[in-house]
Amino acid sequence: MRIYNSQTRKKEELVPQTGNKVGIYACGPTVYNYFHIGNARPFITFDVFRRYLEHKGYDVTFVQNFTDIDDKMIKRANEEAITVKELAERFIEAYFEDAKALGIRPATVHPKATEHMPQIIALIEKLLEKGRAYEVNGDVYFRVKAFPGYGKLSGQDMEELEDGASERLNVETEKEDPRDFALWKKQKPGEPAWESPWGLGRPGWHIECSAMSMTYLGDTVDIHCGGKDLLFPHHENEIAQSEGATDKTYVRYWMHNGFINIDNEKMSKSKGNFFTVRDIQKEYDLEAVRMFMLSAHYRSPINFSREQIAQAQASLTRLYTARDQMLFLMETAREQPLTAQEEAFMARIKQHMGRFDAAMDDDLNTADALGALFEIVKDVNVTLNEASAKEAIGFALDTEVALCEVLGLLMKKPGALPEDIQAMVDQRAQARKDKNWKLSDELRDGIKAKGYILEDTAAGQKVRKQA
RNA sequence: GGUGCCAUAGCCAAGCGGUAAGGCGAAGGUCUGCAAAACCUUUAUUCUCCAGUUCAAAUCUGGAUGGCACCUCCA
């Protein structure tokens, strides 16, 4: 498959370092709050990426960290009058709850920064040895001048960066160069701290990702992903730190997702125009949020609005209706020889499957892949009925479910009806037999009031849970 | 100032040189006891605008206009 590499700015054929093994590092959340809808985009995007790679037979190791110590963590913990550790535990738990509701699978490993101090310190020591870092009064900084490749990911010119940095950043006199960034921060009063050769302190934000990525995936990782805004300086700094220490390629493919906007403006903490996943969950099924994210290419910006989520919900229902219809048909379908039409139908389904894969192979084009999926739905609705062969129905059903699983959709399985609903359905069947339309309609309304949609079909009554 | 991205129907969106996928919505119809779902028909002779290259351009080039992001904690 081809993926867009942010560093070369081209789509490149994905060729893992070793056989079919793929190592992926994804920048995870800072666990100082519930994650918002913007955070959800990379989680969903790269979850789909991972699922698709596995669907293609790759053996994927997916590492996503938790940043559980930084300025925001300390500030929030102080506000709540709890320890940073307690704060982290609370929001790590919340992360897993929200991720699950969005259909995001847990990573292979979820390393925490605070549990990797030895690795972080060792990495900093290596940089000091090589003269690519320096210590000043208990703080350690990366010496950007000593790493000639600085700027290669973001395409920034070293001198322009220097001008920009000195203009914009407050001049911290202890740094040699305004572009230098902190690897280790000396403890301030009241802050959590760890022992180090430079005294008590804590790691800078960038170094933890380098250390954890290299711990679990080696000096060179196949793919590193995250949001577009992490490209500079976070990922640029990671390259400097890791390659500065090992003199080996740090990352072979960089992938960055686009943003979610609100009214065409970036959602951000400072603007206050953001929704947490929990806010959305009060109003919408989170599977619709996932569908919404998948409806556009992951590198394009998308605009979040209620209307968009409602549209996504409606499309999702179409997917569910087709699946449930096939499940319904399977109950009564018979084993019988395929007709010529059914064979042609199955051939078309295979073609749509091919189109789905081709779309996903092309830099994870989920919007196009969804198009192929809806072609299947259409064909199913036109072709299949009570007289269809079990083999044809089963094949289309398995195909739809398998493709949806790659996207992490259609995760809700139809369950048995609650007893009271089933009783009303049975009563309505009798009423219909008696042609008692008034009672029949009342029962249908009653069932709807309880959150179920009842439909009459040639094969009898069909009931499904309202979306 | 530096570095990039985007502009396709009422809304969302694919399309990457060969004559506009798909979804949502809307209108009419078929089916139905009535519904619902589903199906059929209609909804972009045209892709922000202006030049250019080409037998051929939404797709390539140049320019204009409008919008967005990064360079500062943020996915």
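Naming convention: chains lettered A, B, ... in sequence-line order (proteins, then strands); numbering from 1 in each chain.
- In this structure, NZ of K152(A) is placed 21 Å from P of C71(B), rounded to the nearest angstrom.
- Nucleotides G62(B) and A20(B) place their P atoms 27 Å apart, quoted to the nearest Å.
- Remark: the separation of the C1' atoms in U53(B) and U43(B) is 35 Å, to the nearest Å.
- Atoms CG (L364(A)) and P (A14(B)) sit 13 Å apart, rounded to a whole Å.
- A gap of 29 Å separates the P atoms of G15(B) and G52(B), to the nearest Å.
- Rounded to whole Å, atom P of A38(B) lies 12 Å from atom CG of D324(A).
- Residues W254(A) and N5(A) form a side-chain contact, since some pair of their non-hydrogen atoms from C-beta on lies under 4.5 Å apart.
- Nearest nucleotide to the side chain of D362(A), out of A14(B), C73(B), G15(B): G15(B).
- No N or O donor and acceptor, one from the side chain of N303(A) and one from the base of C12(B), sit under 3.5 Å apart.
- Picking from G33(B), C73(B), C74(B) the nucleotide with the shortest atom distance to the side chain of K72(A) gives C73(B).
- R306(A) has a carboxylate O that lies under 4.0 Å from a charged side-chain N of E283(A), or vice versa, which qualifies the two as a salt bridge.
- Nucleotide A69(B) holds its P atom 18 Å from the NE2 atom of H256(A), rounded to whole Å.
- Residue contacts for T45(A): at a heavy-atom cut-off of 4.0 Å it reaches no nucleic acid atom on any strand shown.
- Salt-bridge check for E191(A) with K185(A): failed, with every basic side-chain N at 4.0 Å or more from each acidic carboxylate O.
- Within 4.0 Å of L373(A), counting heavy atoms only, lies no atom of the nucleic acid at all.
- Y150(A) places its OH atom 17 Å from the P atom of U3(B), with the value rounded to the nearest Å.
- Of the candidates Q7(A), H224(A), H235(A), H256(A) forms a side-chain contact (heavy atoms from CB on, under 4.5 Å) with just one, namely H235(A).
- Counting only N and O atoms by type, the side chains of Y216(A) and H116(A) include a donor and acceptor under 3.5 Å apart.
- Taking the P atoms as reference points, C68(B) lies 15 Å from U8(B), given to the whole Å.
- Backbone-only contact: N381(A) has heavy atoms under 4.0 Å from sugar-phosphate atoms and none from a base.
- Across the C1' atoms, A7(B) and U48(B) are found 6 Å apart, a figure rounded to whole Å.
- Between the P atom of C70(B) and the CG atom of L231(A) lies a distance of 12 Å, rounded to the nearest Å.
- Heavy-atom distances to RNA chain B give each of G155(A) and R444(A) a nearest nucleotide, and the one nearer the 5′ end belongs to G155(A).
- The side chain of F232(A) has C70(B) as its nearest neighbour among A75(B), A14(B), C70(B).
- Not counting sequence neighbours, the partners of F35(A) by the ring pair (Phe, Tyr, Trp, His ring centres under 6.0 Å) test are F43(A), Y95(A).
- Listed candidates were A75(B), A36(B), G33(B). Nearest to the side chain of F259(A) is A75(B).
- Taking 4.0 Å as the cut-off between side-chain N and carboxylate O, D441(A) and K448(A) do not count as a salt-bridged pair.
- In this structure, R9(A) reaches the G4(B) phosphate: one of its side-chain N or O atoms is under 4.0 Å from OP1 or OP2.
- Salt-bridge check for D177(A) with R143(A): failed, with every basic side-chain N at 4.0 Å or more from each acidic carboxylate O.
- Checked for salt-bridge contact, D363(A) and R2(A) miss the test: no charged N lies under 4.0 Å from a carboxylate O.
- Nearest-nucleotide assignment on RNA chain B puts the 5′-proximal partner with T321(A), out of W205(A) and T321(A).
- The side chain of N365(A) places no N or O atom within less than 4.0 Å of a non-bridging phosphate oxygen (OP1 or OP2) of A14(B).
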Could you go over nucleotides 21-24 of chain B and give all protein N or O partners under 3.5 Å, atom names and distances?
| residue | atom | partner | partner atom | Å |
| --- | --- | --- | --- | --- |
| A21(B) | O2' | E375(A) | OE2 | 3.1 |
| A21(B) | N3 | R355(A) | NH2 | 3.3 |
| G23(B) | O2' | S315(A) | OG | 2.4 |
| G23(B) | N2 | Q311(A) | OE1 | 2.8 |

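- Counting to the nearest Å, the C1' atom of U3(B) and the CZ atom of R179(A) are 16 Å from each other.
- Comparing C70(B), C40(B), C34(B) against the side chain of V382(A) picks out C40(B) as the nearest.
- Between F46(A) and F49(A), the two ring planes are perpendicular [angle over 60°; tilted spans 30° to 60°].
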Legend entry - Dot-bracket notation for RNA chain B, counting Watson-Crick and G-U pairs under 3.5 Å, with | for partners on another strand: ((((((((.[[[..)..(...]]]((((((.......))))))....[[[[[..)....]]]]])))))))....

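- As judged by a 4.0 angstrom heavy-atom cut-off over every strand, G226(A) is placed among residues touching the sugar-phosphate backbone only.
- Rounded to an integer number of Å, the gap from CG of N436(A) to C1' of C34(B) is 13 Å.
- Of the C1' atoms belonging to C24(B) and A14(B), the separation is 15 Å, rounded to the nearest Å.
- Counting only heavy atoms from C-beta on, H36(A) has its side chain closest to A75(B) among A75(B), G33(B), C73(B).
- Of the residues R464(A), E455(A), K462(A), the one that meets the side-chain hydrogen bond (donor to acceptor under 3.5 Å, both in side chains) test with Q325(A) is K462(A).
- Within the 4.5 Å cutoff, the side chain of R90(A) has heavy atoms near those of the I82(A) side chain.
- U59(B) and A75(B) have their C1' atoms separated by 31 Å, with the value rounded to a whole Å.
- At the phosphate of A75(B), OP1 or OP2 sits under 4.0 Å from a side-chain N or O atom of N39(A).
- Across the P atoms, U42(B) and C60(B) are found 31 Å apart, a figure rounded to whole Å.
- Using a 4.0 Å heavy-atom cutoff across all strands shown, R428(A) reaches at least one base atom of the nucleic acid.
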